[in-house]
Amino acid sequence: PILPDSAIPTEPGARYPPVTDPSRWRLKASRAGAQTWHYLTPEQAKEWPQTPIDRYWQGLYTVAKKLPAATTPEQAARNGFEFYKELQCDSGHWAGEYGGPMFLIPGLCVAMYITGTPWEPGYREELIRYLRNMAHAEDGGWGIHIESPSTVFGTALNYTALRLLGVPADDPVCVKARGTLHKLGGAARSPAWGKFWLSVLGCYDYSGMNPVPPELWILPEVLPIHASKLWVHTRMVYLPMGYFYGRKWSAPLDELTKSLREELYTVPYEEVDWAKARDDIAPEDLYQPHSTLMNAANSLLLVYESLLPYTPLHWIRERAVRETVRQCRFEDDNTGCLDIGPVNKAMNMLVSYLEDGPTHPRFRAHIERNLDFLWLGPKGMLMNGTNGSQLWDTAFMCQAIAECGFVQEEGSVREHVLKALDFLDESQIKTNSPNYPHDYRQTSKGAWPFSTREQTYTVSDTTAEGLKTSLILQKRLDYTPQLISDRRFMDAADVLLTMQNRTGGFGSYELQRAGEWLELLNPAEVFGKIMVEYNYTECTTAVMLGLTTFRKHFPGYRRDEIDKTVNGCIRFIKSSQRPDGSYYGCWAICFTYAALFGVEALASVGERYSNSDNQKRACDFIVSKQNKDGGWGEAYKACETGVWCDHPRGSQVVNTAWAVLALMAAEYPDESVIRRGIKLIMQRQRANGEWLQEGIEGVFNRNCMISYPNYKFAFTIWALGRYAKRYGNPVIDV
Ligand code: LAN
């Protein structure tokens with residue numbers, strides 16, 4: 001029995017209700033896990049019935065069954081999974097929104113506009129609705145991410161996006177946003193990436209941009225500033241940016257872009273002081289100011305730019321631009337035009353349009369794969385931070401129900417396990433990229449990606465989670481088929497063994513390829529720690545646990561190397577713990593997340609609260625942050641500042657789950673502390689088994705938050721299951 005729509009409120013805060021018919025939207029998940037939304041005609045809608053998945057993610061009524069009242073943690077975990085299992089796609093993965101950043105839609109809108117590409121039915125309308133809903137009620141602007149106060153970056157770009165989508169300048173949403181934009185100083189004070197998109201559109205002058213030299217791609221490869229040495233995301237964004245900057249290419253002006261030139265600035269366009277604007281960033285936006293070295297480099301590069309037209313240097317420029325085109329094509333062809341992320345995807349789509357032409361299969365593929373990034377949420381259509389978090393969410397959910405013990409039980413849970421294993425099998429990347437190594441990529445044979453196999457990028461910890469989860473489901477259950485060969489498990493271990501840095505730690509996608517001093521040349525202003533790979537506590541732990549799980553099943557395989565690698569991980573993890581016992585989280589908010597990883601790593605080698613100073617300090621830090629209601633709540637500010645910061649809305653189920661999971665892993669002696677956290681998680685659960693969305697969960701590059709809506713299921717269920725197993729599943733009075 002499913003509850004009627006009216007019985008469960010829709011997501012709060014959607015000021016603007018759907019402008020299309022919610023009953024006609026469908027989420028399609030391909031075998032490989034590609035997620036695309038389709039707006040059907042009424043006739044098509046009859047043939048393709050709507051599922052709970054389509055409805056849930058739009059914020060409509062939720063799959064709801066009559067469930068036994070959850071008086072014990074185990075029953076609460078069971079109810080949670082009863083709810084959540086209905087959201088598993090036929091492909092075997094759990095789909096989900098992956099929004100948060102507010103600078104993605106504008107890039108795509110610029111690319112669509114310049115190339116004259118029409119939107120799929122319903123998309124334009126729902127994109128406009130999303131931007132309307134996300135404009136802050138107070139000032140009408142947008143920030144760098146959904147919870148951030150208004151910035152020039154967010155406001156200039158999303159304003160432009162609305163205009164390109166067809167909203168007139170005198171629409172109230174535009175009027176209000178423009179007022180805020182002007183108050184913040186206008187688009188001239190935008191950080192570099194905003195200046196870039198506006199330059200391409202023809203609404204900003206390239207002389208107001210700091211140089212983005214494509215020559216970085218043709219320097220001698222031994223130099224630490226050769227582009228291949230950069231963190232892969234930074235590299236892949238500065239690649240097409242270098243192409244456009246190298247050419248100073250702008251779209252031909254039309255009525256709309258002429259008008260935008262006048263709307264975006266506080267003075268008439270001809271009077272904007274471009275030279276001043278280059279380094280003028282609104283204080284609301286500025287996270288990472290330029291270093292002196294960066295400013296000096298910019299001055300030198302500007303001299304170089306000024307010489308280009310008059311000297312044979314322009315041959316070098318031409319060669320460099322050709323190389324960026326070659327590398328963009330590698331990236332497109334390696335990934336079937338999904339590219340590593342939505343930022344470079346929109347840029348590469350434009351490069352392909354200009355270099356291949358509008359009818360070229362590569363450009364057509366770009367248009368088709370735009371859909372993989374667009375997600376219909378309760379507030380409208382948004383753009384995901386990657387083509388999804390398919391593998392990642394599925395791996396955590398499976399590990400959670402494994403620890404609960406549900407996976408061993410007879411009954412319907414088995415179908416879900418079998419489907420998930422199927423997806424894990426499908427998702428492993430079976431080859432290196434076709435352009436390896438000319439594309440400077442890490443090997444990928446054997447890796448598991450963050451999203452889907454088609455995206456093709458190796459990530460250290462997603463490989464580890466994929467490996468660990470596959471081993472648990474395939475090798476420890478008697479009813480699952482042997483889908484993944486031993487050789488393929490070994491391939492996964494092989495990739496991981498190529499990724500350890502000298503510190504013992506692991507980065508995200510690759511080895512650290514140049515020194516951390518390169519951060520002095522971070523030109524982005526709004527992001528921190530983006531120039532090279534760093535060592536991350538989270539990634540290092542995941543790899544360590546992936547390898548130790550592997551070692552149990554393949555004790556003879558590359559044993560010495562694995563042992564050495566694991567020891568290096570422990571060394572790094574201990575070195576990453578701060579004197580106050582905390583671990584800083586780089587990929588989710590913040591100290592509760594990283595504590596879970598740090599503590600689990602040391603627990604796996606027998607370190608407990610009772611016998612380890614590291615574990616004791618880690619637990620004491622976490623316990624000192626517990627709220628009166630028994631939960632934990634961390635604000636995203638913690639990621640920006642590196643200092644613990646309480647969530648303005650109090651305890652959050654996800655932070656609470658991480659905290660109690662960590663405490664249990666370390667065998668924290670005072671059970672009552674943990675029980676109070678468990679109780680909060682149970683109190684927040686609704687009768688149908690679900691938890692509602694709370695604050696944003698994830699982060700990248702210190703300053704941009706990103707949503708992991710599935711965490712409120714995976715980690716809550718996991719925490720409840722661990723508690724039930726460890727403490728005999730007592731009745732908890734909620
Ligand atoms: C992600 C998402 C997943 C994340 C984890 C696996 C959780 C992490 O442990 C390792 C790093 C990784 C893979 C990661 C790196 C940076 C990403 C790709 C993102 C946070 C998602 C979006 C972000 C990307 C950089 C966003 C686009 C913006 C740019 C600055 C280019």
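For ligands, and for the atoms within them, numbers begin at 1 and follow the listed sequence. Throughout, numbering of the chain's residues begins at 1 and tracks the sequence.
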Salt bridge present between E454 and R369 (N-O < 4.0 angstrom) =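 Salt bridge present between E454 and R369.
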
query = Hey, are E147 and K637 close enough for a salt bridge, meaning a charged N less than 4.0 Å from a carboxylate O?
reply =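 Salt bridge flag = no for K637 with E147.
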
ask   = Going by the atom numbers of ligand 1, which of them fall below 4.0 Å from some non-hydrogen atom of V237?
value =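 Ligand 1 atoms under the 4.0 Å threshold to V237: 31 (C).
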
key: Among W142, F153, W197, the one residue meeting ring-ring contact (aromatic ring centres under 6.0 Å, His included) with F103   =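 Running ring-ring contact (aromatic ring centres under 6.0 Å, His included) over W142, F153, W197 with F103 returns exactly one hit, F153.
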
inquiry  = I want to know whether W587 and F700 have ring centres closer than 6.0 Å.
reply    =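 Aromatic pair excluded; centres sit 6.0 Å or further apart.
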
ask   = Considering only protein heavy atoms, which is closest to atom 17 (C) of ligand 1, and at what distance to one decimal place?
value =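 Heavy-atom neighbour on the protein nearest atom 17 (C) of ligand 1: H233 NE2, 4.0 Å.
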
ask   = Nearest protein heavy atom to atom 1 (C) of ligand 1, by residue and atom, and its distance?
value =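 The closest heavy atom on the protein side is Y98 OH, 3.9 Å.
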
inquiry  = Quick test of your reading of the structure: of F700, W587, F527, whose heavy atom lies closest to atom 15 (C) of ligand 1?
reply    =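 Answer by nearest heavy atom: W587.
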
request  = Name the option, out of Y536, W231, W392, Y708, that contains the heavy atom nearest to atom 4 (C) of ligand 1.
outcome  =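 When every heavy atom of Y536, W231, W392, Y708 is considered, Y708 comes closest to atom 4 (C) of ligand 1.
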
Residue portion contacting ligand 1 (non-hydrogen atoms closer than 4.0 Å) for [X]:
X	answer
T462	side chain
I530	neither
W193	side chain

inquiry  = Over 60° means perpendicular and under 30° means parallel, so tell me whether Y98 and F450 are parallel, tilted or perpendicular.
reply    =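 Rings of Y98 and F450: tilted, as their planes differ by 30° to 60°.
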
Mutual orientation of the aromatic rings belonging to F715 and F396 [parallel < 30°, tilted 30-60°, perpendicular > 60°] =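 Rings of F715 and F396: tilted, as their planes differ by 30° to 60°.
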
request  = Say whether D461, considering both its backbone and side-chain N or O atoms, lies within less than 3.5 Å of an N or O atom on ligand 1.
outcome  =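 N/O-N/O distance below 3.5 Å exists for this pair.
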
query = Honestly, is R441 close enough over Y457, meaning NZ or CZ under 6.0 Å from the six-membered ring centre and within 45° of the axis?
reply =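 Positive - R441 is close enough to the ring of Y457 and near enough to its axis.
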
